[in-house]
Participant: 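Please read through the structure below; I'll follow up with questions.
Throughout, numbering of the chain's residues begins at 1 and tracks the sequence. Because only heavy atoms are used, hydrogens play no part in the values below, and waters and symmetry mates are left out as well, while side chains stay in.
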Amino acid sequence: MNSKPESNPNDVAASLSYNDVLLTDSVLKSKLRTIGEYYLSIPTADVFFEMRKHVGLDTGAGKSIVRGRSWFGVGGIVLGQWMQAFARFFRATQDERYRQRCAEYVGQLQEVSAVSPDCYICRTAYQAEKIFHGLMDAAEYCGIEDAFSLCGRLLDHFRSIPAIRRAKCRIGDNGGSKDETSCEIEWYTISEALYRFADMAGRRRAKRDYVEELLRFARKFEYEAYWKIFAGGENMFDYSPVAGQNTAYFHAYSHLNSFNSAMYLYRKTGEKRYLESAERFMRFIRDTQTLVTGGYGALNEWLMPTTGIIYALRNNHTNFENQCNSYACFRLNNALTVATGKLEYGDLTELLYYNSFLASPETDKDGHVYYYADYCVDGGKKWLHPISWTCCSGTRPLAALEVLRNIYFTGKDGEILVNLYIGSSYRGRCATIEQRGEYPVGDMTFRIIPHAGHRGERQVVRLRKPAWLAGAAEFTGADASEEADAYTVELTLDKEREFSVRFPMRVDALDIRSCGEGVRAFRYGPLALAAEGENLGKEAPAAADFKRTGAAEFTAEGLTFRSFAAYELDEAYTMYFNIGEEQR
């Protein structure tokens, strides 16, 4: 299998695969190991216990993993995502245990499908999308061709379900219906999986008529009604869902995730409307929805106007769906960077890496995951969702792996684009780049090692320019030119080169205001800060009041602030403060 991404004439940059980046001593390396071992520790027989029991198959030595209230059911919420994670872990590590686990899942699904053609988990668009991607990943990354064949059979059955054939595809429908349309939950995220299968079938020389039939089916699930709002530069708040759990506001995670389908279609067709709608949507997220951590969907999971966001931060303790929202955003930012070559999309990826992914306590043994983040002005704590095996227990490993694909990109003529400052190395076309350091609280050092046969050639390295710099980055050992979203270093590959970069940071006050008043939070560079304790009842300090006492520790107006990522489970903190019109 070739780890390099397929070339596409519409791409400006190229994304890497999961095995192209070598992590050195970094927190990410440790996190990936912990997360991978956690999911390997769940026996396959236990994962499939409920499903096998449901269809009347022998459960063998398996035990149910359902504990009290659980979303697991027979496995449909997360099983496909776990299969994706095992396949991608195998690609990243070549650890045979991950491939073997994928093969076990495929074997179990084959047995179940012989009794139940839809495995009881390919009856809704929400579940089918995840299973399809899991089986395609098993084929693509692990070479398990039986997985692709099974995916085809499950997809053919899915296409035959009467309610799916009659799907109304209503704008905003993220579930909640009690009639036959309940199978359409988050229907607008599935077109990427359908087009991907059609493309993989075409590469396997499937009959043309069959591929065309798949493509016609996939077109039915394109989310044109929503994408065109942004392609046309309209105001999203002039529209509302006509079905779903909330018919006032659109669901944050799934609507952002729908643009991953739009970007797949852009790469496939070259039609600019897909790219334009995705870019405008991400500007909308950045400019109107993003909280201090990079999170979005401040009231449970909804995209809301500013007044609603302020209300949520004052009255609600479920302000961001961590794992699912981060994963979808990591993927979309990756696709937009590839399509445009703009490193500015890495800013939101960086915020979520530090303030969501690294800030998340790990899932407990019974499947309770860090689902919602609490940013309420009354103060909060990190807590695990009381229901086991929610959707975020499926996307937790996927978010971890997606960070790997966002550290570096490649540009024209062998350019190396550094998007995230994480201890790692990447072997490019002409040279290997290594980075190490203490970003964002210290300097980063970059080492460029020429490859044999490329000495004397020119190597361009572009480094993302973080939006929160307090001034120009300071380079030692190399000259750099400054662009809107990057610094460019050009080197002659006559010998090993090393240069260091100091990224000056400051504390920024980030206000969300309506009619003058609202809420305020603080960030040091990309690190969201939280004050120790809750129910503080204090007026928000100003950014100028902050005095640095440690790497990412500060005092201000009698309060002690630390990086949000440093807080442990159940440790009290306050993220947002109320502000009045007079506070600036």
Participant: Do the side chain of Arg405 and the main chain of Leu16 share a donor and acceptor less than 3.5 angstrom apart?
Facilitator: yes
Participant: Going by heavy atoms in the side chains, are Glu129 and Ser261 under 4.5 Å from each other?
Facilitator: no
Participant: Hey, is CD on Glu96 packed in by over 12 heavy atoms from elsewhere, all under 6.0 Å?
Facilitator: yes
Participant: Checking Thr290 side chain against Ile285 main chain: does a donor-acceptor pair fall under 3.5 Å?
Facilitator: yes
Participant: Can you tell me if Asp137 uses its side chain to pair, donor with acceptor, with the backbone of Ala87 under 3.5 Å?
Facilitator: no
Participant: For atom OH of Tyr311, decide whether the heavy atoms of other residues, nucleotides or ligands shown that lie under 6.0 angstrom number more than 12.
Facilitator: no
Participant: Check whether any side-chain N or O of Asp46 sits under 3.5 Å from a backbone N or O of Pro43 as a donor-acceptor pair, and report yes or no.
Facilitator: no
Participant: Only one of Phe250, Trp302, Phe284, Phe230 passes ring pair (Phe, Tyr, Trp, His ring centres under 6.0 Å) with His255; say which it is.
Facilitator: Phe250
Participant: Would a distance-only check, ignoring hydrogens and angles, find a side-chain to backbone donor-acceptor pair under 3.5 Å from Lys220 to Ala167?
Facilitator: yes
Participant: Do you see a donor-acceptor pair shorter than 3.5 Å between the side chains of Tyr371 and Glu321?
Facilitator: yes
Participant: Please check if any side-chain donor atom of Tyr18 sits under 3.5 Å from a side-chain acceptor atom of Glu402, or the reverse.
Facilitator: yes
Participant: For Gly172 versus Pro241, what's the shortest heavy-atom pair and its separation?
Facilitator: CA-CB, 3.8 Å
Participant: Distance alone, cut at 3.5 Å: any donor-acceptor contact between the side chains of Thr124 and Gln127?
Facilitator: yes
Participant: Taking the ring of Phe89 and the ring of Tyr39, is the distance between their centroids below 6.0 Å?
Facilitator: no
Participant: Check for a donor-acceptor pair, side chain of Asp366 on one end and backbone N or O of His368 on the other, with a separation under 3.5 Å.
Facilitator: no
Participant: Using the ring pair (Phe, Tyr, Trp, His ring centres under 6.0 Å) definition, which of the options Tyr296, Tyr345, Phe259 pairs with Phe281?
Facilitator: Phe259
Participant: Pick one: which of Leu79, Leu398, Thr395 meets side chain to side chain contact (heavy atoms under 4.5 Å, CB included) with Gln84?
Facilitator: Leu398
Participant: Can you tell me how the ring of Phe221 sits relative to the ring of Phe217, calling it parallel under 30°, perpendicular over 60° and tilted otherwise?
Facilitator: perpendicular
Participant: Shortest non-hydrogen contact from Tyr567 to Lys382?
Facilitator: O-NZ, 2.8 Å
Participant: Judged by atom type as modelled, is there a donor-acceptor pair below 3.5 Å linking the side chain of Asn174 to the main-chain atoms of Gly244?
Facilitator: no
Participant: For Tyr223 and Trp227, take the angle between the two ring planes, folded into 0 to 90°, and tell me which bin it lands in: parallel under 30, tilted 30 to 60, perpendicular over 60.
Facilitator: perpendicular
Participant: Assess whether salt bridge (charged side-chain N to carboxylate O under 4.0 Å, His left out) is satisfied between Arg101 and Asp95, documenting all intermediate values.
Facilitator: CA-CA 11 Å; Arg101 190 56 56 92; Asp95 185 332; over 6 Å; no
Participant: Quick one: closest heavy-atom pair of Val55 and Ser116, and the distance?
Facilitator: CG1-CB, 4.0 Å
Participant: Can a donor-acceptor pair be found between the side chains of Gln323 and Tyr253 at a distance below 3.5 Å?
Facilitator: no
Participant: Supply the atom-to-atom distance Trp187 CH2 to Ile164 CD1, rounded to the nearest 0.5 angstrom.
Facilitator: 11.5 Å
Participant: Decide whether Tyr375 and Thr293 meet the rule of one side-chain donor and one side-chain acceptor closer than 3.5 Å.
Facilitator: yes
Participant: Report yes if some heavy atom in the side chain of Val106 is under 4.5 Å from a heavy atom in the side chain of Met83; otherwise report no.
Facilitator: yes
Participant: For Ala565 and Tyr354, work out which heavy atoms get closest and say how close.
Facilitator: CB-O, 3.6 Å
Participant: What distance separates Cys329 SG from Leu351 CG, expressed to the nearest 0.5 Å?
Facilitator: 9.5 Å
Participant: Using distance alone, with no hydrogens and no angle criterion, decide if Arg153 and Ser113 have a side-chain donor and acceptor under 3.5 Å apart.
Facilitator: no
Participant: In chain order, what residues pass the salt bridge (charged side-chain N to carboxylate O under 4.0 Å, His left out) check against Glu192, with sequence neighbours excluded?
Facilitator: Arg331
Participant: At what distance, to the nearest 0.5 angstrom, does CG of Leu358 lie from CG of Leu28?
Facilitator: 7.5 Å
Participant: Salt bridge or not for Arg97 and Glu37, using N-O below 4.0 Å?
Facilitator: yes
Participant: Would you mind telling me which of Trp82, Tyr120, Tyr105 makes a ring pair (Phe, Tyr, Trp, His ring centres under 6.0 Å) with Phe48?
Facilitator: Tyr105
Participant: Backbone N or O of Tyr126 within a donor-acceptor pair of the Lys130 side chain at under 3.5 Å?
Facilitator: yes
Participant: Compute whether any side-chain donor of one residue and acceptor of the other, for Arg196 and His133, lie under 3.5 angstrom apart.
Facilitator: yes
Participant: Over 60° means perpendicular and under 30° means parallel, so tell me whether Phe158 and Phe132 are parallel, tilted or perpendicular.
Facilitator: perpendicular
Participant: Got a sec: does the CZ of Arg69 have more than 12 other heavy atoms crowding it under 6.0 Å?
Facilitator: no
Participant: Look only at the side chain of Tyr188 and the backbone of Glu224, and say whether a donor-acceptor pair between them is shorter than 3.5 Å.
Facilitator: no
Participant: State whether a side-chain donor-acceptor pair under 3.5 Å links Ser15 with Asn334.
Facilitator: yes
Participant: What I'd like to find out is whether the side chain of Leu32 reaches to under 4.5 Å of the side chain of Thr93, using heavy atoms alone.
Facilitator: no
Participant: Is the closest side-chain donor-acceptor distance between Asn333 and Thr349 under 3.5 Å?
Facilitator: yes
Participant: For the pair Trp389 (side chain) and Ile65 (backbone), establish whether a donor and an acceptor sit closer than 3.5 Å, ignoring hydrogens and angles.
Facilitator: yes
Participant: Would you mind reporting whether Cys183 and Ile161 have side-chain heavy atoms less than 4.5 Å apart?
Facilitator: no
Participant: Any idea which heavy atoms bring Met304 and Ile309 closest together, and the distance?
Facilitator: O-CD1, 3.6 Å
Participant: Compare all side-chain heavy atoms of Asn315 with those of Leu299 and state whether any distance is below 4.5 angstrom.
Facilitator: no
Participant: Using every non-hydrogen atom in the two residues, find where Ala252 and Asn325 come nearest and quote the distance to one decimal.
Facilitator: CB-ND2, 4.4 Å
Participant: Any side-chain donor-acceptor pair under 3.5 Å between Ser326 and Ser356?
Facilitator: yes
Participant: Can you tell me if CZ on Arg165 sees more than 12 non-hydrogen neighbours from other groups inside 6.0 Å?
Facilitator: no
Participant: Glu50 and Ser64: side-chain donor and acceptor closer than 3.5 Å?
Facilitator: yes
Participant: Distance from Met236 atom CE to Tyr249 atom OH, nearest 0.5 Å?
Facilitator: 9.5 Å
Participant: Per the side-chain hydrogen bond (donor to acceptor under 3.5 Å, both in side chains) rule, what does the pair list look like for residues 236-248, sequence neighbours excluded?
Facilitator: Glu234-Tyr239
Participant: Kindly indicate, with the supporting measurements, whether the criterion ring pair (Phe, Tyr, Trp, His ring centres under 6.0 Å) is fulfilled by Phe90 and Tyr141.
Facilitator: CA-CA 7 Å; Phe90 175 69; Tyr141 297 136; 9.4 Å; no
